[in-house]
Amino acid sequence: MTQQRVLLIISGGIAAYKSLELVRLLRKRGIAVRAVLTQSAAQFVTPLSLGVLTEDQVYEDLFDLKAEREIGHIQLSRQADLVVVAPATANILAKMANGIADDLATTLLLATDKPVLAVPAMNVRMWHHKATQRNLNQLRADGVQVMEPDDGAMACGEFGKGRLPEPEAIAAEIERLLSSVRPEPVEAPTDILNGRHILITAGPTHEPIDPVRYIANRSSGKQGFAIAAAAARAGARVTLVAGPVHLPTPAGVDRVDVETARDMLAAVEAALPADAAIMVAAVADWRTADAADQKLKKDGSGRPAPLTLVENPDILATLGHHAQRPALLVGFAAETQKIAEHAQAKLAKKRADWIVANDVSGPPGTSVMGGDANTVQIVTAAGIESWPSLPKGEVADKLIEKVAHALSSPRD
Ligand code: C5P
């Protein structure tokens, strides 16, 4: 396995000293770290100590011509699997949110095509300032993962939210994000979907019961996100309609975040026309008849509040019967028995071209839901193709190749 790599951008705040411990923990986990210091961060940690811990050159200034000659900033921004900004000051967050690139760190952040994790740390008032919150919302909408700061005593003597999370927690979050990133898409097909628009749904939906409770399922979104990433690598314009998941937006993908099945349907219809639609989301079949405006309370009678469910729209079937039906419509189906038979029935009912049936009946520990591997059968009018158990990234690449082939073949 190739070693995973993090580009760690350290911006200037008192919490910068914790980045040394973070580097140590990442190295201990077998992750390579290349560090970049902003000018103010260099006041808090020295390039020498970082260089010793990373066992690599430390990059500091955009106009370091020698470094630029040996490794340009574009290259530097792309050689990692994940870019981490920790600590991220209010200042660097503001620059990131506005696309400002006036030093090496912010230039790398603008040039990268890799997922980005920001770990803010700042004074509590700066954290709660409307400008900072606005910038954070913008960054989240742009696909940046933002880790929540801790609450507590601050170096400046104040108390509240804004402390850098403990290095152990940051390292765990980095490890989690890296586990959903494929290290090297070297063999991925390229350009086979140039000029195509591929619409993908992924993840679960959340159906509110009241303002704090909801109905959900265990879908992690990994398979759908991997398919979106593969389609983008293959040159397609990709719209990914995602339910609530904790996954970074794959490079080159337009992501629309939704909560409920009805929102997902609206986002899918708004994204039409598309050449192909791949509906991977585990859409909740039912929602509550009317979600309560206020939190439901126990009334002391011992009887639970009644929960009336109504059926959600079937997004795949709606597309199957839509005036703008995509030329190729692919559904997914999690089955535990009579996989092919159920998938055949679904093909007809939902007017889909293919159903990718995944067997979720495996022995404990091999669960498809949330796991990294998948065993699928592709059910079409022509028959059934069974694929061996593969990492979800490989299922995605194979499926995208098959989609490209189908779109380029004349249909009868
Ligand atoms: O009927 P079942 O839920 O097993 O069908 C699964 C397929 O249908 C998946 O492709 C899923 O995304 C899609 N689906 C949908 N809307 C629903 C339920 C399922 O698009 N309400």
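Indexing begins at 1, ligand by ligand and atom by atom, following the structure's order. Every value quoted in this text rests on a predicted model; they were computed, and no experiment measured them. All values below were derived from every heavy atom in this structure, side-chain atoms included, with hydrogens, water molecules and symmetry-related copies excluded.
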Original post:
Counting heavy atoms only, which of Lys350, Arg262, Lys346 comes nearest to atom 8 (O) of ligand 1?
Top reply: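 The nearest heavy atom belongs to Lys350.
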Subject >> Proximal candidate to atom 16 (N) of ligand 1 [heavy atom criterion; set Asn312, Asp285, Ile315] >> reply: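 It is Ile315 that holds the nearest heavy atom.
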If we only count N/O pairs under 3.5 Å, is [X] in contact with ligand 1?
{"X": "Val283", "answer": "no"}
{"X": "Ala284", "answer": "no"}
{"X": "Ala333", "answer": "no"}
{"X": "Phe332", "answer": "yes"}

Original post:
Hey, which atoms in ligand 1 end up nearer than 4.0 Å to a heavy atom of Gly331?
Top reply: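 Listed by number with element, the hits are 10 (O).
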Original post:
Which ligand 1 atoms are under 4.0 Å away from a heavy-atom of Ala281?
Top reply: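 Answer, ordered by atom number: 11 (C), 12 (O).
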**OP:** Could you tell me whether the side chains of Asn135 and Thr132 share a donor-acceptor contact shorter than 3.5 Å?
**Re:**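 Asn135 vs Thr132: no donor-acceptor pair found between side chains.
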Original post:
Tell me: protein heavy atom nearest atom 13 (C) of ligand 1, and distance?
Top reply: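 Answer for atom 13 (C) of ligand 1: Leu316 CB, 3.8 Å.
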Original post:
Of the protein's non-hydrogen atoms, which lies at the shortest distance from atom 21 (N) of ligand 1, and what is that distance?
Top reply: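 Sorting protein heavy atoms by distance from atom 21 (N) of ligand 1 puts Pro313 O, 2.8 Å first.
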Original post:
If we only count heavy atoms from C-beta on, is the Gln133 to Lys130 side-chain gap below 4.5 Å?
Top reply: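 No; the side chains remain at least 4.5 Å from each other.
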Subject >> Min side-chain heavy-atom separation Val33-Arg27 under 4.5 Å >> reply: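 Yes, side chains in contact.
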**OP:** Give a yes or no on whether a salt bridge exists between Arg325 and Asp353, defined as a side-chain N under 4.0 angstrom from a carboxylate O.
**Re:**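 Salt bridge: yes.
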**OP:** Begin from the C-alpha positions of Thr89 and Asn91 and carry the test side chain to side chain donor-acceptor pair (under 3.5 Å) through to its verdict.
**Re:** CA-CA 5 Å; Thr89 58; Asn91 185 49; 4.9 Å; no
Original post:
Looking at Leu240, Ile278, Ile198, which one forms a side chain to side chain contact (heavy atoms under 4.5 Å, CB included) with Ile227?
Top reply: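 Of the listed residues Leu240, Ile278, Ile198, the side chain to side chain contact (heavy atoms under 4.5 Å, CB included) partner of Ile227 is Ile278.
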Original post:
Just by modelled atom types, is the Ala16 backbone N or O under 3.5 Å from a matching donor or acceptor in the Ser19 side chain?
Top reply: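 Between the backbone of Ala16 and the side chain of Ser19 there is a qualifying donor-acceptor contact (under 3.5 Å).
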